[in-house]
J.: 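Pasting in a structure now, in C-alpha cells, and then I'll have a few things to ask.
Counting starts at 1 for both ligands and their atoms, following the listed order. Sequential numbering from 1 along the given sequence is applied to the chain's residues. Keep in mind that what you see is a predicted model, and the values were worked out from it rather than measured.
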Amino acid sequence: MFATMGALGLAPTAQAAPREQPFRAPGAGDLHLTGRAAATVVIVGGGIAGLTAAYELGKAGYDCTVLEARDRTGGRNLTVRGGDTLTDLHGTRQTARFADGQYMNAGPARIPQWMVTLDYCRELGVPVEVFTNVNADAYLYNESAGMTAPQRYRTAKADVYGHVSELLAKATDKGALDEELTAEDRERLIEFLKDWGELGDTLAYEGGERRGYTTVPAAAGTPGVPLGDVPTASEVFASGVGRYFSFEFGFDQAMLMFQPVGGMDRIPQALTRAVGARRIRTGAVVDRITDTGTGVTVTYTQGGRTKKAEADYCVAALPPNILARIPHNLGPGVQSALEAITPSSAAKIGLEYRSRWWETDHRVYGGITETDQDVTHIWHPSHGFHGERGILIGYYNYGADADAYAGLTPRGREERAVAASVKIYGEKYRTELASSFSHHWRQTPHLEAAWHNTPGGPDAPRYQPLNEPTGRVHFAGDWLSYTDAWQHGAFTSARKAVTALHTRVLAS
Ligand code: PHE
C-alpha cells in the first residue's frame, strides 16, 4: 500500500528516477578470498564496452587482454584535434588543421544527467562541463516551408505556444471540451493557457516579449523595440517550426546535458589508463574467434604478423556488422543474430573559424540551430566562449543526408555545408572559415556504423545467443542495449557481461 501511495505522490518514494539494475563491480577479494585463480579474458574491441569490461573485471584481478584494430582506443568515441590524420575506407586521407586547443567530437558529444556515463566520469576523474543542447537564441530555418530568413528559436517557440494556446483556450471557452472537463477544469485550463501562451484577456495571441526585440531594452529612455510581424496561426503551422520543440524534452535529450572538459575522448583515455596500456594491443585486427571448449582462442594480425591470444573467456565487444564478418565457431544462432542487426549512417563536419562571430555578431553562445536543409543540425560550441577561434559542427546528419555528403570529397562536403548555412548566418560563414574536417561513420575502418538498427529490440528472441554467453564468449556493446547510440548503452551492456562472467567464474 505504501508503494501505491508513493506512486500517487502521497508518500515519499525511495527513488524518483528509475535506475539501471544495481551493478556490483567485481571486488578485489572476490577471486583470491575464495581460492580462485585469476581467470584470463580476451576482450575483442577497445571501444567503450570493451574498455569497461577490462576495467571492471580488472578490479577483481582478472587478467584481461584487449585487442583493438585501430591505432587508438575509444571506438566511436572519437575526438579530432589538429594534426590527427584519418583515412577512410575509400582511401581518402584527411589531416585536421585545427589550431591548438580546438577539437570536434566526431562521435558522442552530449551526456544526459541520468546516464551512467557521468558516474564513470566521476569515478575516473574526468571533469565535465555543461553541454548546451537547447538555446533560445539559436536559429530555425525551414527552407522548404518558404522561410527566407532564419528565425530565433525563441520567436518560433513563442508563436507556436501562443497560437496553440489561443486555439485551445478558445475551443474550451466555446464549450468544445465540455464533455471532457468540468467547469472548474475549464477555468483552470484557460488560466494556464493564458500564462503558457502569453495570451491577452480576449484569449488572443498577439506576440510578446518572449519573441525577442529588434532593439533590446536598456537604460531609461530605451524600453526596447519588440520584434514585429507576429505571424498568424496558419503561417506558424505552415512554417513547420513546431516540430523542433519536442526533441528537447526527450528523456535522452533534455537539459541539462554535459560533456567532458577538453573532448569526449577523455573518457576512453581515462579508461585506457585505468586498464593499463600493457593490457591493450592496438593495431590488432581479429581474424578468427574459436571456442575450444576449455577456453577461447582469438587469432589476429598485428604489424603484418599473425598472432594468437588464448584465454579462459572472451568478451566480444565489436560492432555487430564487423563481428559478423569474423569467422567463428559459435554457431548459426550467433551469426544470424549478428546479421539481423544493420548499421546506420551519421556524419559530422567540424568548421573551424578564425573568430567566434556567432557569439559577437549573433549573440549565440552554444546550442543548436535546426534546419530542414541536409546539414540538419548545426552545433555551436559549448566551451571556449569569448576565445579567439572556435569550431562549429557544420552538419550533424543521419541516413541519406549523411550518405550524400559521404559521397563527396572533403572539399566538396565543406562547400556544400557552407552553401547551405550561409543562408542562415550570412557571409562570415564562408569568409571566416579557416579549415574543416569531415567524418562519416559508415566509411570509418573497423567501425562502419554510427549506430545500429536492431529489429524487434535487443530482447527479441533471435538475439538470445548474444544476450547470454554462447559457450565461453560474452557479447557487449551499445547495440545490445535500449540506449544504442549512447555510451550509456555500452557501459551498461559491458556491466551486464561482466556480471554474468564473474558470477560464472565464482560458481565454477
Ligand atoms: N546519442 C546521439 C546523439 O545524441 C544519437 C542519438 C540522437 C540517439 C537522437 C538518440 C536520439 O546525437
J.: Within the 4.0 Å heavy-atom shell around Y396, which atoms of ligand 1 are there?
T.: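 Counting atoms of ligand 1 from 1, those under 4.0 Å from Y396 are 2 (C), 3 (C), 5 (C), 12 (O).
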J.: Could you identify the single nearest non-hydrogen protein atom to atom 8 (C) of ligand 1 and state the distance to 0.1 Å?
T.: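 Sorting protein heavy atoms by distance from atom 8 (C) of ligand 1 puts W486 NE1, 3.5 Å first.
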J.: Give the numbers and elements of all ligand 1 atoms closer than 4.0 Å to a heavy atom of R110.
T.: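 With R110 as reference, the close atoms of ligand 1 come out as 3 (C), 4 (O), 12 (O).
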J.: Take E143 and K423 through the test salt bridge (charged side-chain N to carboxylate O under 4.0 Å, His left out) and record every step on the way to the result.
T.: CA-CA 9 Å; E143 193 177 55; K423 292 183 263 181; 2.7 Å; yes
J.: Strictly distance-based, threshold 3.5 Å: is any side-chain N or O of T132 a donor or acceptor partner for the main-chain N or O of V134?
T.: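 Pair absent, no side-chain N/O of T132 close to backbone of V134.
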J.: Go through ligand 1 atom by atom and flag the ones less than 4.0 Å from a non-hydrogen atom of A485.
T.: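 Near A485, meaning under 4.0 Å from one of its heavy atoms, ligand 1 has 1 (N), 2 (C), 5 (C).
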J.: Cation-pi check for Y353 against R389: NZ or CZ below 6.0 Å from the six-membered ring centre and within 45 degrees of the axis, yes or no?
T.: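 No, R389 does not sit over the ring of Y353.
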J.: Flag yes if more than 12 heavy atoms outside E129 fall under 6.0 Å of its CD atom; otherwise flag no.
T.: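 More than 12 within 6.0 Å, yes.
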J.: At a 4.0 Å threshold, what atoms of ligand 1 neighbour a non-hydrogen atom of D252?
T.: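 Near D252, meaning under 4.0 Å from one of its heavy atoms, ligand 1 has 10 (C), 11 (C).
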J.: Write out the residue and atom name of the closest protein heavy atom to atom 9 (C) of ligand 1, then the distance separating them to 0.1 Å.
T.: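 Of every protein heavy atom, Q253 NE2, 3.4 Å lies nearest to atom 9 (C) of ligand 1.
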J.: For W358, does the six-membered ring have the charged nitrogen or CZ of K428 within the cation-pi criterion, i.e. under 6.0 angstrom from the centroid and within 45° of the normal?
T.: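 Pair K428/W358 does not count as cation-pi.
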